[in-house]
Amino acid sequence: MLQPKFHDRGGAGGDVRFRLGYAELLTPHYVSKPWGRRPLSDDPSGGQLIGEIVYRVPDVGLTIKWLQTSKPLSVQVHPQGAGRKDEWWYVVETQAEAYIDLGLKEPLARTKIAEAARNGSLPSLLNRITPVVGCSYFIRAGTIHALGPGLTVLEVQGMSDVTYRLFDYGRDRALHLAEALFEARTETGSVEVMPDGLASFTITRFDVEIDSRVTVISDRACLAIVSGEGIVDNQAFAADQCWFAHGPMSLHAKKQTCIILVEPRNASQTRLNLAGASKLTRPSRFA
Ligand SMILES: O=P(O)(O)OC[C@H]1O[C@](O)(CO)[C@@H](O)[C@@H]1O
């Protein structure tokens, strides 16, 4: 269990105790995937392709994943009903071959989607996007989608992790055609960054200048460190880490730092010092 820290303020007034926040470095779980890549720094997998570095944070009802791809993921759907799973992606890194398939180009009957899943033409029926570093995308439950190769993406979702595969490029993994067809949205939709009020979480991106400080006072949040390094709650942080944060706490960037702050929608979302917060972006051609 996570416990609050109490600090002795001391001084002339004697034993006055007040509550400060705390930050806790979360433990990553490495998941091998046929579309993964080797971890860049250490290799806890013993040579397997790592596709996902997963942080599950039940205290906040969130799951955060770093996805690293060398091949396309399955063409898939997440449930809209029980076990609903909306996803939000932040593009961290792209290689030349990178793309994202997101939603249908044209409205399509379920029988046509099934036929395309069976004959392998489904990817050609999807809206293909060239992702740009720093852009973000919201994948509404039920949207047919697949991440392409050459990508590092920070993914945020709730605790549900249900995926139904429609097509898997001939790989030897289970498909879930019936469930996927039942859950799939058959209409087209616009590319979304973060629709108001729909997701169970909110996102704020902070770009903290070198040698500056911000105070995080969200009472329950995750901090995903996209780049940079510094000190949070008197502990060193570095890129690619994920922290649980129970504010208030100060964060000092020792290098230019980019942080994605994820909060459950029902949390108290008072944050101090938002000077470094940036708007979430997407390619202008989808504006
Ligand atoms: O079935 P695949 O191809 O392994 O993909 C599953 C992964 O895709 C994602 O839904 C991303 O779209 C991840 O959350 C999930 O772990």
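In listed order, ligands and their atoms are each counted from 1. Since this is a predicted model, take the numbers as computed values, not measurements.
Per-residue contacts place Trp35 under 4.0 angstrom from the following atoms of ligand 1 (heavy atoms of the residue considered): 2 (P), 3 (O), 4 (O). For ligand 1 and Lys65, the ligand atoms under 4.0 Å from any heavy atom of the residue are 13 (C), 14 (O), 15 (C), 16 (O). Residue Lys85 approaches ligand 1 through these ligand atoms, each under 4.0 Å from one of its heavy atoms: 10 (O), 13 (C), 14 (O). Listed by number with element, the atoms of ligand 1 under 4.0 Å from a non-hydrogen atom of His145 are 12 (O). Listed by atom number, the atoms of ligand 1 under 4.0 Å from His78 heavy atoms are 10 (O). Ligand-side atoms of ligand 1 in range of Gln157: 14 (O), range being under 4.0 angstrom from any heavy atom.
Given atom 7 (C) of ligand 1, the protein heavy atom at minimum distance is Glu52 OE2, 3.5 Å. Ranking protein heavy atoms by distance to atom 5 (O) of ligand 1, first place goes to Gln76 NE2, 3.1 Å. Protein heavy atom in closest approach to atom 14 (O) of ligand 1: Glu155 OE2, 2.5 Å. In terms of protein heavy atoms, atom 1 (O) of ligand 1 is closest to Arg165 NE, 2.6 Å. Taking atom 3 (O) of ligand 1 as the reference point, the nearest protein heavy-atom neighbour is Arg173 NH2, 2.8 Å.
To the nearest 0.5 Å, the span separating CD on Glu52 from NZ on Lys65 amounts to 4.0 Å.
Checking Arg37 against Ser70 by side-chain atom types alone, no donor-acceptor pair falls below 3.5 Å. Glu115 and Asn119 are not linked by any side-chain donor-acceptor pair at a separation below 3.5 angstrom, with hydrogens and angles left out of the test.
Looking at ligand 1, you'll find an N or O of Lys33 within less than 3.5 Å of one of its N or O atoms. Between Asp168 and ligand 1, not a single N/O pair is under 3.5 Å apart. The shortest N or O to N or O distance between Trp89 and ligand 1 is not below 3.5 Å.
For Arg165 (side chain) and Ala174 (main-chain N/O), a donor-acceptor pair under 3.5 Å exists by modelled atom type. Using a distance-only test at 3.5 Å, with no hydrogens or angles considered, no donor-acceptor pair links the side chain of Gln68 to the main chain of Thr152. Judged purely by atom type and a 3.5 angstrom limit, Arg265 uses its side chain to pair as donor or acceptor with the backbone of Ala199.
Crowding of Glu106 atom CD: a count of heavy atoms from other residues, nucleotides or ligands under 6.0 Å not exceeding 12.
Classified by interplanar angle (parallel below 30°, tilted 30° to 60°, perpendicular above 60°), the ring pair Tyr22/Phe244 is tilted. Using the six-membered ring where Trp is involved, Tyr169 and Phe167 have ring planes that are tilted, between 30° and 60° apart.
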